[in-house]
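All remarks here apply to the structure that follows.
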There are 2 protein chains.
Amino acid sequence: MSTPAQQLTTTSYAVLGLLCLRDWSAYELVTEMGRGWSDIWPRAVSGIYREPKKLVAHGLAKDRAARTGERSRTVYSVTPEGREAFRTWLATPTHAPQLEAEALVRAGFAEHGGVDDLLATVRQARSFAIERSRVYAAIGDEYRTEGPRFPERVHSIMLVGGFLARYFAAIIDWADWVESHAATWDDIGDADAISDLDALRADVRARVEANLARAR
Amino acid sequence: MSTPAQQLTTTSYAVLGLLCLRDWSAYELVTEMGRGWSDIWPRAVSGIYREPKKLVAHGLAKDRAARTGERSRTVYSVTPEGREAFRTWLATPTHAPQLEAEALVRAGFAEHGGVDDLLATVRQARSFAIERSRVYAAIGDEYRTEGPRFPERVHSIMLVGGFLARYFAAIIDWADWVESHAATWDDIGDADAISDLDALRADVRARVEANLARAR
DNA sequence: CGCTGACACTCTACTTCGGAGTATCTTCCG
DNA sequence: CGGAAGATACTCCGAAGTAGAGTGTCAGCG
C-alpha cells in the first residue's frame, strides 16, 4: 500500500482531533471548525471539506453514507490508527503562531494617512476583540446553563479560552493606548509633531523589557 | 489602458507602504518584510517578489535596472499615483486579525495526549514570545544608540511595537498560567481528574467578563 | 397547496500563495 | 585561493482560498 500523495497538515490534525471526540458529517465538521476553532485556526469551508477525505485516504478515518430524507451526506469516524496518529502528532514540536493583523500594517504606516484613519483602524480592531469576547461569554453562559457539549474535556477547552481572553484583552488594551495618544495628535505626518513620543517609547520599552525579565 | 487582472492585496499595500519611504530593490523589500513586518504580516519570500511587479503593472510603482558589478538587480520606486493609492487605502475599513496558532489547536485537544506533550507545547509557545521580545529589545537598543532608520516615522513604529509587546506578554502570561496548572496534573485524559478545574474556569470567565466590561 | 427563503449539504474550477529548491554573482575571511 | 555567507531572483508544485454551482429540506405565508 503506497502512501497517499497528499500530506497531512495542521488542519488535517485539527479535523482528526474532532473525529476523536465523536463521529461527524462533513457539514458538521465545517460548522464546528467555523464555530469553535476559527479564532485560532481559521480555514476556508472548501478546505475543511477536503480534509476528512484525506484522512480516509490515509486510513485514519472511515466514511459512511447517511441520509436525511432523500438527502445524502457523509459521516466520518476515526479509526484506531487515526487515534494513534493523533496522539503521536500531539507529541511533535509545534509551529510558531502566525498573526496576520492588517490593522497593524496600517498603524505601522500611520504617518501616510490621517489621525482619523488611524483612529478608525484602531476602533475596528477594538470592536473585533469585544465582539469575539462576547461570543465566548455566551458560550460560557451556555456551558453553565446547559452543561458543556463534551464534559470530559472541559479542561482542554478552558486552556483555549484562557488564551483567547488574554489575546483579546491585549488588543483592547493596545487600542485604548493608541487612542489615548492619537486622539491628542493634530498632525500625524511627522514624528517631530508628536509631543508625547517619549511616553510611547517608554511604554514599549517597559513592556518589552518586562517580557524579557520573564525569560528562563 | 485596461485594469491589470491581479488584484491588490494587503501585501501589495504593505510593499507599497515601504516604497513610500524610499526606493528598494526587490531583495531589500524581501529582507525588510522579513525583518520588520513578519510578526504582523508574515509572507513567503516568493510572494513578496511578486508584489512590486504587480504594483508596477498597476502604475503605482516604477522599476529600473541596477547593478552590483555584473550582478543585476531591480530597484522599485513609488509613483505619485502610488502615494495617492496608499493614502486612499489607509482610509478604508480594515480586515479583522487572523491568528493561526497550532499550539492552541494542540492545547484544545490536550486530553488526547500526555501532560508532558501539553507542557512541551506551552513551553515552545513561551519561548517563541520571549525570543521575539528579544529581537525587539535589540531593535530598541539600536534605535537608542544609532538612531532610528526613519526618524520621521518613529511614532508609527512605536504603535506596532506597543501591540507586539502586549501580544507577546499575553502568550507568556498564558503559558505560565497553563504550566502552573498542568504541572500538577497526573492524568490529563478526563476533566474529572482535574482538581483545579474551577480555578481554570474562574480565570477564563473573569477575563472574558473584564473584556466585556470595556465595551462602549 | 404552492412558492419562497433559509438552511442543510457538498463539490469543483480556478487563482493565489507558501515552501522548497534552484541558480548565479559578490564579498569576506582563513 | 577556496569556501562560506550574502546578494539576487526565480520556478515548480502542493496547499489553501474564492467564487460559483448544485440539490434536497423545512417553515412560513398568501
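Computed from heavy atoms alone, side chains included, the values below leave out hydrogens, waters and symmetry copies. None of these values were measured; they are calculated from a predicted model.
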Over all strands shown, is [X] touching base, sugar-phosphate only, or nothing at heavy-atom distances under 4.0 angstrom?
{"X": "P42(A)", "value": "sugar-phosphate"}
{"X": "T11(B)", "value": "nothing"}
{"X": "S72(B)", "value": "sugar-phosphate"}

Rounded distance (Å) that lies between atom [atom2] of [N] and atom [atom1] of [X]:
{"X": "Q7(A)", "N": "dC13(D)", "atom1": "CD", "atom2": "C1'", "value": "12 Å"}
{"X": "H95(B)", "N": "dG17(D)", "atom1": "NE2", "atom2": "P", "value": "14 Å"}
{"X": "L8(B)", "N": "dC17(C)", "atom1": "CG", "atom2": "P", "value": "11 Å"}
{"X": "Q98(A)", "N": "dA16(D)", "atom1": "CD", "atom2": "P", "value": "12 Å"}
{"X": "W41(A)", "N": "dG17(D)", "atom1": "CH2", "atom2": "P", "value": "10 Å"}
{"X": "I48(B)", "N": "dG19(C)", "atom1": "CD1", "atom2": "P", "value": "11 Å"}
{"X": "Q6(B)", "N": "dT15(C)", "atom1": "CD", "atom2": "C1'", "value": "10 Å"}
{"X": "R67(B)", "N": "dA9(D)", "atom1": "CZ", "atom2": "P", "value": "11 Å"}

Report yes if the distance between the aromatic ring centroids of W41(B) and Y13(B) is under 6.0 Å, otherwise no.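 Centroid distance W41(B)-Y13(B): not below 6.0 Å, so no.
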Using modelled atom types and a 3.5 Å cut-off, is there a donor and acceptor pairing between side-chain atoms of H112(A) and backbone atoms of G17(B)?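 A pair under 3.5 Å: no.
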Any side-chain N or O of R43(A) less than 4.0 Å from the OP1 or OP2 oxygen of dG17(D)?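 Affirmative; the distance criterion is met.
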Using a cut-off of strictly less than 4.0 Å, decide whether Y27(B) has a side-chain nitrogen or oxygen near OP1 or OP2 of dA7(D).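 For Y27(B), the contact criterion (side-chain N or O under 4.0 Å from OP1 or OP2 of dA7(D)) is met.
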Cut-off 3.5 Å, side chains only: do T94(A) and Q124(B) have a donor facing an acceptor?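 No.
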Measure the shortest side-chain to side-chain distance between R50(B) and T11(B) over non-hydrogen atoms and say whether it is less than 4.5 angstrom.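 Counting from C-beta outward, R50(B) and T11(B) never come under 4.5 Å.
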Angle class for the F86(B)/F109(A) ring planes (parallel below 30°, perpendicular above 60°, tilted otherwise)?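 Ring orientation, 0 to 90° scale: perpendicular.
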Could you pull out the protein-nucleic contacts involving nucleotides 11-13 of chain C (nitrogen or oxygen on both sides, under 3.5 Å)?
residue, atom, partner, partner atom, Å
dC11(C), OP1, K53(A), NZ, 2.4
dC11(C), OP2, K53(A), NZ, 3.2

Just checking, R207(A) and W177(A): is the charged tip under 6.0 Å from the six-membered ring centre and within 45° of the axis?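 No cation-pi geometry.
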Name the one of V115(B), V122(B), D116(B) that satisfies side chain to side chain contact (heavy atoms under 4.5 Å, CB included) with L118(B)?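 Testing each of V115(B), V122(B), D116(B) against L118(B), the sole residue satisfying side chain to side chain contact (heavy atoms under 4.5 Å, CB included) is V122(B).
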Proximity to the side chain of E51(B) - top-ranked nucleotide from dT16(C), dC17(C), dA15(D):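 Shortest atom-to-atom distance from the side chain points to dC17(C).
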